[in-house]
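As C-alpha cells, the structure follows; a few thoughts come after it.
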Amino acid sequence: MTQLSEFHSIQALGDALRERRLSATELARDALQAARQYRDPHVFLHIDDALTLAQAQAADAALASGQAGPLTGIPIAHKDLFVTQGWRTTAASRMLANYVSPFDATVVSHLRAAGTVSLGKLSCDEFAMGSGNENSAFGPVSNPWDAERIPGGSSGGSAAAVAAGLVLGATGTDTGGSVRQPAAYCGVSGIKPTYGTISRYGIIAYASSLDQAGPLARSAQDLVPLLDAMSGFDPQDSTSLESCDGRPNAAGRIQGDYAAAQGAFAAAGQQPLKGLRIGVPREFFNEGLAPDVGTAVEAAIQAFVALGATRVDISLPRTRLAIPAYYVIAPAEASSNLSRYDGVRYGHRAEHYTDLADMTSRSRAEGFGDEVRRRILVGTYVLSHGYYDAYYLQAQRVRRMIVDDFQRALAQDCDVIMGPVTPTVARRIGDNRHDPIADWLGDIYTLGVSLAGLPGMSIPCGFGGESGHLPIGLQIVGRYFDEGRLLALADRYQQVTDWHQRTPEHA
Ligand code: GLN
C-alpha cells in the first residue's frame, strides 16, 4: 500500500498536504518507488528521481509558507509528447530516443507553476499515431484491468498510470480521440477541451489542426483544476485562443464556469438537470456497437434523465465519413509536420549512407515505425499533384459538412450530445497486428468531435467484455467553450454512481 493509494481524489490529497499530515517529498519518494515497481515496466518511459524530488521540495516550501494551491504537491506525469527540460522526450519513437528538449511545453510549465510534482514521462503511440499504445518503439503498455489487453491510445500510458493509481492526474493529447478512448478503456475520466483552449507549444506535432491536449484523472472533479491549469492563451501558439466566447482564455475560466454550472444545478433542487436536452445520435447506435457497450451507455443516459434531463434523438448523418476524412487530413498534416526529422536537425541519423538524400531517407526509415511510415506515405500521396483535389480537398469539404452536422444539432436540437466513446471494450494486445486499418474504424465516435474542434469528454459508465470486468466509457460532447458545464454534468453523474471509484484489483 503506497501513501498515494490511500487518497482517491486531488482534493483529499491536497487537504492532507496543506494540513501537513504528509509531505510532498515523502509522497513523491513513495510514488517514484511505486512507479518503478509497477508490474508493467513500459508505462513510464523516463523517470528521474532528482528532477521529481526537486519539484517536491519546491512544493513543500510552498506548502510551508501557506502559498499552496489546489495542485501543490500532487503527483502527476506527462505523456511523452510534451517536451520537458531534463526528462527525455521521445514521442515513443526511435527517432527521438535520446532527445532532451531545451525548454518545457507551455502545458508542462503551467502545471509546474501550479505546484504539481511530475513523476516523469508516460508511454504513448509513436508520434500519437494509434489506438492501443502498441505503436510505441519501447514496448506495448498493458491495461491495468487486464494485462493481456491494450490500455487504448495514443495516450495509453497516461490512462494506465491513472487507472493503476500511480498518479492522480496525467496529461494527454487528443487528435482524433486519444484522451477519450484510453480513458474509456481504462475506466478513468478525461477531457479534450475546445480546440485552441490549451497551447500546443512544445507538444510534438502530429496533425496541427486537430491536436489538442487534455488531462486524465479519476473523476470530473479532479479534471477541473488540471484543465484549468493547462488552459490559457499563449502567444507562442498561433492557434491559441485569446478569448472564449468573448471572455479571456485565462486561468480560472474553467473553474469559474464549472462552479457556475454547479450552482445552477444546485438551485434547481430535486431535478437538477431540468431543461437540459441530451442529444443521442442515432448513427452512434448502429450494428457496429457491441451490445454491452450500448447497454451501459444507454443506462448512463437514463441516469441523466432521472436527474431531470430530456433525451432527444438526433442525427449526425456524416458520422461514417469522419473516418475517411480524418485518415486523409491527419496523415496529410503529419507528412508535413514530420518532415523536420531529416537526420540533420533532430533525432536519429543513420550511421551508413552514400550522400545527403540517402542519409535522410535511411535516417527516416530506421527512425520511424511502421504506422508512422504508413501515415507519412498516405499523407504525402494525398497532398501530391494530381491527388490533392481528389483526396485532400475533398476531405476538407467533408470536414466542413461534419462541423455543420454538429453545429446544427447543438444549436437546434440539444444542449449536449451523449453516446459511446468506442464500439467495444479494450481488445487483446496483438489482435489487429495483421490489419492496421481495423483500429482506424474503432475511432468512429471520437473523430467527428476532433474534426469539429468541439469539447468532448469520457467518463466511466460500466463494465463489459466476456469477463464483465472491462471498463466502458460514456462520451459527452458540448458546444464550443462549454467544458465547464460538461465537467459539472459529469460530476453530477459521478455523485450518483460509483463507476469512477472502482479500481483494478491487481494493478
Ligand atoms: N486513433 C487515432 C489515430 O490513430 C487518434 C490518435 C490521436 O488522437 N492522437 O490517429
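We're numbering straight along the sequence, starting at 1. Only a predicted model underlies this, so the values are computations on that prediction, with no experimental measurement involved. Every number for a ligand or one of its atoms is a count from 1 in the order of the listing.
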Per-residue contact class, D443 against ligand 1 - non-hydrogen pairs under 4.0 Å: side chain
Suppose we measure from atom 7 (C) of ligand 1 to each protein heavy atom; which comes out shortest, and what is that distance? S178 OG, 2.4 Å
Among D435, D146, D439, whose salt bridge (charged side-chain N to carboxylate O under 4.0 Å, His left out) with R427 holds? D439
Scan side-chain atoms only and decide if E483 and T194 contain a donor-acceptor pair under the 3.5 Å cut-off. yes
Side chains of S155 and K79 only: does a donor on one sit below 3.5 Å from an acceptor on the other? yes
So is Y206 polar-close to ligand 1, meaning N/O to N/O under 3.5 Å? yes
Supply the atom-to-atom distance I191 CD1 to D174 CG, rounded to the nearest 0.5 angstrom. 10.5 Å
Say whether K79, considering both its backbone and side-chain N or O atoms, lies within less than 3.5 Å of an N or O atom on ligand 1. no
Under 4.0 Å from a heavy atom of G176: which atoms of ligand 1 are those, numbered in the order shown and with their elements? 5 (C), 7 (C), 8 (O)
Any side-chain donor-acceptor pair under 3.5 Å between N133 and S123? yes
Please indicate whether any nitrogen or oxygen in M129 is less than 3.5 Å from any nitrogen or oxygen in ligand 1. no
What one should report as the nearest heavy-atom pair of P151 and S142 is CB-O, 4.0 Å
So is R375 touching ligand 1 or not, going by heavy atoms under 4.0 Å? yes
